[in-house]
Protein chains: 2
Amino acid sequence: MLVAADAVLAAAPFPAAVTMEAIAEAAAVGKGTLFRAFGSRDGLLDALWTRQLDRLRDALAAEDSPLGASGSPRRRVAAFLDALLWCKLDNRHLLRAREAAAGLLASPNYLWMHATLAGLLRDAAPKASQMTIDYAAHALLAPLHIDLIDVLLAAGMNPQDISRAQTRHAKAMIADLRD
Amino acid sequence: MLVAADAVLAAAPFPAAVTMEAIAEAAAVGKGTLFRAFGSRDGLLDALWTRQLDRLRDALAAEDSPLGASGSPRRRVAAFLDALLWCKLDNRHLLRAREAAAGLLASPNYLWMHATLAGLLRDAAPKASQMTIDYAAHALLAPLHIDLIDVLLAAGMNPQDISRAQTRHAKAMIADLRD
DNA sequence: GATTTTCCGGACCATGAGTCCGAATGACTT
DNA sequence: AAGTCATTCGGACTCATGGTCCGGAAAATC
């Protein structure tokens with residue numbers, strides 16, 4: 001069932017448009033069965049994503065990988081982020097299946113924010129490469145995602161705290177960009 | 001029309017559940033008129049969001065604010081991010097109106113990623129405060145959002161580039177956490 | 001083989017985005 | 001002022017899809 005769902009999502013040119021009915025058919029099963037097993041569309045997607053992360057968790061537990069406790073903390077952080085990156089790349093179809101804000105980052109508004117911030121960063125670090133600056137701008141904007149802000153507020157931070165943390169983040173990024 | 005839409009979204013306990021019909025009624029206008037004016041639900045939300053950002057753009061243009069060209073680049077970056085933060089806080093209802101991944105950051109999977117990464121960061125910078133580490137972990141995970149990855153790939157970066165940029169980001173964050 | 005229980009599946013329902021055409025409004029002409 | 005034409009409006013309608021539900025099949029038990 002999970003396998004069939006993964007296959008049909010991977011094959012679809014537009015995973016967000018894949019219906020539960022289509023998945024049920026591909027799995028040679030009734031729609032009711034799908035819903036009984038996963039509760040909802042999101043439940044199914046969650047199950048699929050969790051399955052992928054489980055493999056990652058196993059890798060983390062393995063001693064020999066760069067993720068294992070043997071490496072230096074710094075390397076482990078990088079290795080962990082890399083593992084996540086590859087996992088996400090490999091399962092793009094799955095993550096894109098949640099319609100959500102598809103293309104919101106390509107909207108004029110985000111483009112403007114990014115261009116503006118990148119411009120300011122260029123002023124602050126004239127010698128940094130364009131690609132580095134562009135990435136830094138994205139990395140500074142990403143934590144402003146409303147969902148993350150909600151999480152931070154729910155976790156007990158107040159706007160002042162967030163503002164300070166973000167300023168510090170920016171400072172660290174600029175310091176790095178200046179080499 | 002925009003004003004009415006903003007009001008009804010702001011008043012709703014769950015903005016994502018506000019229907020176009022409800023907005024039309026609040027604006028004392030037919031549904032057809034709404035759609036003719038904005039094309040779609042997303043179009044309307046875009047228009048609302050753009051309206052807010054326009055105010056920000058004006059502030060940026062003003063000479064006297066910390067955003068103006070008079071400040072140091074570093075201050076301007078911080079001021080810009082802060083302005084965005086407050087803008088987003090003030091318009092939370094509007095941003096949350098795009099149903100999307102509501103609560104995805106509260107899912108066990110994200111919680112695990114965050115906890116794991118925060119743990120690694122703690123190892124790398126034992127003296128940093130918990131709040132700082134938590135924020136850093138969020139800030140490192142946020143750029144892994146699939147939408148951003150897609151944008152980066154579309155912009156010509158390949159996975160290797162992203163990996164390098166992300167590693168550099170992590171390095172900069174850790175360096176900062178260690179003071 | 002009869003009876004009970006569990007599980008399955010596809011017909012069915014509810015909802016809400018987006019469409020469309022008839023009606024209303026208003027501008028322009030005589 | 002009345003008639004005519006163009007433009008815009010609005011709400012009834014369509015359609016797609018997530019989610020429900022019940023009749024019946026399969027399995028377990030005796």
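Each chain gets a letter, A, B and so on, in the order the sequences are listed, and its residues count up from 1. Atom set for the values below is all heavy atoms of this structure, side chains included, hydrogens, waters and symmetry mates excluded. What you see is a predicted model; the values in this text were computed from it and never measured.
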Roughly, in whole Å, what's the span from [atom1] in [X] to [atom2] in [N]?
X	N	atom1	atom2	result
Arg41(A)	dT20(D)	CZ	P	15 Å
Met20(B)	dT15(C)	CE	C1'	15 Å
Ile23(A)	dG10(C)	CD1	P	16 Å
Leu45(B)	dG18(C)	CG	P	10 Å
Met1(B)	dG10(D)	CE	C1'	12 Å
Glu25(A)	dC8(C)	CD	C1'	17 Å

Would you confirm whether [X], through its side chain, and [Y], through its main-chain N or O, come within 3.5 Å as a donor-acceptor pair?
X	Y	answer
Asp123(A)	Leu120(A)	no
Arg92(A)	Asp150(B)	no
Thr50(B)	Asp46(B)	yes
Arg76(A)	Ala124(B)	no

Got a sec? Which of residues 30-38 of chain B come in under 4.0 Å of DNA chain C, heavy atoms?
-> Lys31(B), Gly32(B), Phe35(B)

Nearest heavy atoms of Val77(A) and Leu121(B), plus distance in Å = CG2-CD2, 4.0 Å

Atom pairs under 3.5 Å: protein N/O with N/O of nucleotides 25-27 of chain C:
none

Parallel, tilted or perpendicular: rings of His169(A) and Tyr135(B) (30°, 60°) = perpendicular

How are the rings of His114(B) and His138(B) set relative to one another: parallel (under 30°), tilted (30 to 60°) or perpendicular (over 60°)?
-> parallel

Hey, which of these two, Glu21(A) or Ala28(A), hits DNA chain C nearer its 5' end, going by closest nucleotide?
-> Ala28(A)

Set of ring-ring contact (aromatic ring centres under 6.0 Å, His included) partners for Phe35(A), sequence neighbours left out | none

